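Worth knowing before you read on, the calculation uses all heavy atoms, side chains too, and leaves out hydrogens, waters and symmetry mates. Fair warning: this is a prediction, and the values are worked out from it, not measured in the lab.
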Amino acid sequence: WSNSGTFTAQSGTVTLNATATGKTITAGGSSFYSLTFNGVGGGWTLQDATTVSNVLTITNGTLNGGSVTLTLSGTTGTPFSNSGTFTASTGTVTYTGNNAAGDTTITNVIYNNLTVNNGSETFVLAAALDVNDTVTITAGALDVSVTNYGITAKSWTDTSTGTFTEGSGTVTFDITGGTINSNETFENVTINHAGTTTLGAALDLDDTLTITGGALDVSASNYGITLKSWTDTGAGTFTEQSGTVTFDITGGTINSNET
């Protein structure tokens, strides 16, 4: 698909059914309504920013997100259906739809960057969420309170109007070089990699911070940490700078080999 003019999708479905790899999608600034990939052995790569305003479906074949932003603005509650393969590459998937009948479900694939951005919507997980780079909550709520699914990521940003409803789940930072920049409260946070995760804001937990591997650095800004319990008895390290750790919830445990 290559568009250098104008494509008006109306309420139609575009189905791509190639059975060979090396195919490309150039949206050219026009949105799709429903976009379906259904070719056994087929492979498509996004070439520019792409918006699907109803449902993106991968029935067969592989869709590669390339290095662009894929925006899913469908209002059905399930704007992304995948029974094929989605390869995130270095791109960003942004969910922006508002399901008037309920929540919007984030499909179970591995993302590179994942953004949720609709101030009127609650976004829920279909399964544990794996993000190779950054989770960004720009507006709306990311809610794991019912399922308590875990989230793994490199970095986290929710300094805008978005909210995170953490339930009793754990967010694990498992890739080195990330930043935690949040104005929301986590339940449990685990650091587990071979490098450093750095705070970009004060860190607030309702339960336990666990440093299994790698280092947590409060940065030169000396951001504070508030929580119930602390565990870093393994290979992990804490770079405290001149920050303060405050235990503000009763019944916790401090189990640390760090200073």
Side-chain angles (χ1 to χ4, degrees), residues 1-126 131 133-142 160-162:
W1 181 279
S2 179
N3 174 38
S4 57
T6 300
F7 171 64
T8 305
Q10 301 290 356
S11 58
T13 299
V14 173
T15 300
L16 301 171
N17 58 7
T19 56
T21 60
K23 307 302 181 182
T24 58
I25 308 294
T26 302
S30 296
S31 298
F32 296 94
Y33 181 71
S34 289
L35 178 61
T36 297
F37 297 90
N38 189 12
V40 176
W44 300 265
T45 300
L46 301 181
Q47 302 297 298
D48 60 355
T50 302
T51 297
V52 180
S53 63
N54 189 44
V55 179
L56 170 66
T57 303
I58 308 173
T59 305
N60 289 293
T62 299
L63 175 62
N64 188 311
S67 58
V68 302
T69 297
L70 171 61
T71 299
L72 304 175
S73 57
T75 60
T76 64
T78 52
F80 185 3
S81 174
N82 177 46
S83 56
T85 301
F86 176 71
T87 302
S89 193
T90 58
T92 298
V93 176
T94 301
Y95 286 81
T96 64
N98 179 20
N99 174 21
D103 302 333
T104 291
T105 299
I106 296 173
T107 293
N108 179 26
V109 297
I110 297 174
Y111 297 88
N112 182 57
N113 295 298
L114 174 68
T115 298
V116 296
N117 187 12
N118 188 309
S120 300
E121 186 62 319
T122 297
F123 300 90
V124 297
L125 302 183
V131 179
D133 204 314
T134 303
V135 174
T136 302
I137 308 173
T138 303
L142 177 60
S160 188
T161 59

Asker: Between T76 and T78 (side chain of the first, backbone of the second, donor and acceptor by atom type, cut-off under 3.5 Å), is there such a pair?
Answerer: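 Side chain of T76 to backbone of T78: a pair is present.
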
Asker: Using atom types as modelled and distance alone, determine if a side-chain donor or acceptor of N112 lies under 3.5 Å from a backbone N or O of G91.
Answerer: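 Flag set: sc N112 to bb G91 pair under 3.5 Å.
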
Asker: For a quick test of reading the model, state the closest non-hydrogen atom pair linking G66 to S89 and the distance between them.
Answerer: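 The answer is O-CB, 3.2 Å.
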
Asker: Apply side-chain contact (heavy atoms from CB on, under 4.5 Å) to residues L72 and T104 and explain how you reach the verdict.
Answerer: CA-CA 11 Å; L72 304 175; T104 291; over 6 Å; no

Asker: Is the ring pair F86/Y111 parallel, tilted or perpendicular, if the boundaries are 30 and 60 degrees?
Answerer: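 Rings of F86 and Y111: tilted, 30 to 60°.
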
Asker: Which atom pair, heavy atoms only, marks the closest approach of D48 to G28?
Answerer: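 Between these two residues, the closest heavy atoms are OD2-N, 2.8 Å.
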
Asker: Can you see which heavy atom on T105 is nearest to which on A126, and at what distance?
Answerer: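 So the two residues come closest at CG2-CB, 3.6 Å.
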
Asker: Would T134 and T115 count as a side-chain contact (heavy atoms from CB on, under 4.5 Å) here? Give the steps.
Answerer: CA-CA 8 Å; T134 303; T115 298; over 6 Å; no

Asker: Between P79 and V52, is any pair of side-chain heavy atoms under 4.5 Å apart?
Answerer: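 P79 does not reach V52 side chain to side chain.
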
Asker: With rounding to the nearest 0.5 Å, note down the distance linking CG in L114 to OG1 in T136.
Answerer: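 The OG1 atom of T136 is 8.0 Å from CG of L114, to the nearest 0.5 Å.
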
Asker: Is the shortest heavy-atom distance from the side chain of T62 to the side chain of T21 under 4.5 Å?
Answerer: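 With C-beta onward as the side chain, the pair stays apart.
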
Asker: Can you check whether V40's main-chain N or O pairs, donor with acceptor, with N60's side chain at less than 3.5 Å?
Answerer: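 No; judged by distance alone, with no hydrogens or angles, the pair does not exist.
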
Asker: Pair Y95, T107 - check side-chain contact (heavy atoms from CB on, under 4.5 Å), show working.
Answerer: CA-CA 10 Å; Y95 286 81; T107 293; 3.8 Å; yes

Asker: Could you give the distance from CG (N38) to CD1 (I58), rounded to the nearest 0.5 Å?
Answerer: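 The CD1 atom of I58 is 11.0 Å from CG of N38, to the nearest 0.5 Å.
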
Asker: With side-chain hydrogen bond (donor to acceptor under 3.5 Å, both in side chains) as the criterion, how do N3 and S30 come out once you've worked through the C-alpha distance, each side chain's angles and the decisive distance to 0.1 Å?
Answerer: CA-CA 8 Å; N3 174 38; S30 296; 3.2 Å; yes

Asker: With rounding to the nearest 0.5 Å, note down the distance linking CZ in F123 to CG in N98.
Answerer: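 Result: 7.5 Å between the selected atoms.
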
Asker: Have N54 and S34 got a donor and an acceptor in their side chains that come within less than 3.5 Å?
Answerer: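 The answer is yes; a qualifying pair exists.
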
Asker: For the side chain of S83 and the backbone of T59, is there at least one donor-acceptor N/O pair under 3.5 Å apart?
Answerer: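 Such a contact is found between S83 side chain and T59 backbone.
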
Asker: How far does CG of L16 sit from CH2 of W1, to the nearest 0.5 angstrom?
Answerer: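 It is 7.5 Å, given to the nearest 0.5 Å.
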
Asker: Taking all heavy atoms of L70 and all of L56, pick out the closest pair and write down the distance.
Answerer: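 The pair with the smallest heavy-atom distance is CD2-CD2, 3.8 Å.
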
Asker: Okay, side chain of Q10, backbone of T8: is any donor-acceptor separation there less than 3.5 Å?
Answerer: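 It does not hold such a pair.
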
Asker: Of the options T69, L63, T26, which is the one that meets L46 in a side chain to side chain contact (heavy atoms under 4.5 Å, CB included)?
Answerer: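 The passing option is L63.
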
Asker: Mind checking whether N99 and E121 have side chains closer than 4.5 Å, heavy atoms only?
Answerer: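 Yes. Closest side-chain heavy atoms under 4.5 Å.
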
Asker: Quick one: CZ on F80 to CG on N108, what's the gap to the nearest 0.5 Å?
Answerer: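 CG of N108 is found 10.0 Å from CZ of F80.
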
Asker: Using 30° and 60° as the class limits, which term best fits the ring planes of W44 and F37: parallel, tilted or perpendicular?
Answerer: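 If you compare the ring of W44 with that of F37, the planes turn out tilted.
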
Asker: Measure across S73 and T96 and return the closest heavy-atom pair with its distance rounded to 0.1 Å.
Answerer: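 Closest pair (atom of S73, atom of T96, distance): CB-OG1, 3.2 Å.
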
Asker: Rounded at 0.5 Å granularity, tell me how far CD1 in I25 sits from CG in L35.
Answerer: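 Atom-to-atom, I25:CD1 and L35:CG are 6.5 Å apart.
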
